[in-house]
Amino acid sequence: MMLLTEESMSWHTSFHIGGAADYYAKVSDVDDLAQAMFFAVTRGIPVFVLGNGSNILVSDKGIRGMVIENRLQNVCISPDGQVRAESGVPLAGLARFASRHGLAGLEWAAGIPGTLGGAIVANAGAFGSCIGDVLIWAGVLSEECTELVLCKEDLGFGYRTSIFKDSEAKN
């Protein structure tokens, strides 16, 4: 895990604006993510998880707390024929991956910027479909740094929302 202090958010957003984050961690695997979360949680530091920085505006005042840049980007097809993807995978790339492997259901996502994780948080969608229509389960890391598996019904999907939006509002 790479941990920086006073990192300018303008370098990490598609609009290239925003002040500094108190702490900035770039993670590329689950162990790094757990380490970054543990660092923040044990110090009482609020956490904001950033995907590829698309469609986000950051104040010139920056972000108080820790930004964790999510670069978990593994994608595969499981033996049972399901696509398994980590949350940092670009959504449009995931749609292309599924298409190349003859799998339907993500065609609507081919032009959507952002990552799978962000799509799940916002229940992203287009053309009458959304991520909640095709997601079966999601593995998440709790604030206590334990891995949980939540089925689709546990994710509270609604129009452009999920249970993760509720937790964002509390931070």
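A search for side chain to side chain donor-acceptor pair (under 3.5 Å) contacts involving Asn74 returns Glu86, not counting sequence neighbours. Residues satisfying the salt bridge (charged side-chain N to carboxylate O under 4.0 Å, His left out) criterion with Glu69, sequence neighbours excluded, are Arg71. Residues passing the side chain to side chain donor-acceptor pair (under 3.5 Å) test with Ser8 are Ser10, sequence neighbours excluded. Residues passing the side chain to side chain donor-acceptor pair (under 3.5 Å) test with Thr42, sequence neighbours excluded: none. By the ring pair (Phe, Tyr, Trp, His ring centres under 6.0 Å) test, His101 is found to be paired with Phe97, residues two or more places apart in sequence or in another chain being considered. For the side chain to side chain donor-acceptor pair (under 3.5 Å) test, no residue two or more places apart in sequence or in another chain qualifies with Glu153.
Asn70 and Ser87 make their closest contact through ND2-OG, 2.6 Å (heavy atoms, listed as atom of the first residue, atom of the second, distance). The nearest pair of heavy atoms linking Ala36 to Val27 is CB-CG1, 4.1 Å. Nearest heavy-atom pair, Glu7 versus Leu4, reported as atom, atom and distance to 0.1 Å: OE1-CD1, 3.4 Å.
Residue pairs meeting the ring pair (Phe, Tyr, Trp, His ring centres under 6.0 Å) criterion with at least one member in residues 49-68, sequence neighbours excluded, do not occur. Counting only residues at least two apart or on different chains, no side-chain hydrogen bond (donor to acceptor under 3.5 Å, both in side chains) pair has a member in residues 25-38. Residue pairs meeting the side-chain hydrogen bond (donor to acceptor under 3.5 Å, both in side chains) criterion with at least one partner in residues 47-59, sequence neighbours excluded, are Asn52-Ser54. Residues in residues 14-23 take part in these side-chain hydrogen bond (donor to acceptor under 3.5 Å, both in side chains) pairs, two or more places apart or across chains: Asp22-Arg64.
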Can you give me every donor-acceptor pair (side chain of residues 116-139, partner residue at least two apart or in another chain, under 3.5 Å) with its distance?
unit_1: Asn123; atom_1: OD1; unit_2: Gly132; atom_2: N; d: 2.8
unit_1: Asn123; atom_1: ND2; unit_2: Gly158; atom_2: O; d: 2.8
unit_1: Asp133; atom_1: OD2; unit_2: Cys130; atom_2: N; d: 3.1

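To the nearest 0.5 Å, atoms CG (Leu141) and CG (Leu33) are separated by 5.0 Å.
Neither side chain, Glu144 nor Thr146, offers a donor N or O lying under 3.5 Å from an acceptor on the other.
Surrounding CD of Glu147 are at most 12 heavy atoms belonging to other residues, nucleotides or ligands under 6.0 Å away.
Through side-chain heavy atoms spaced under 4.5 Å, either directly or across other Ile, Leu, Val, Met, Phe, Trp or Tyr residues, Trp11 is tied to no other residue.
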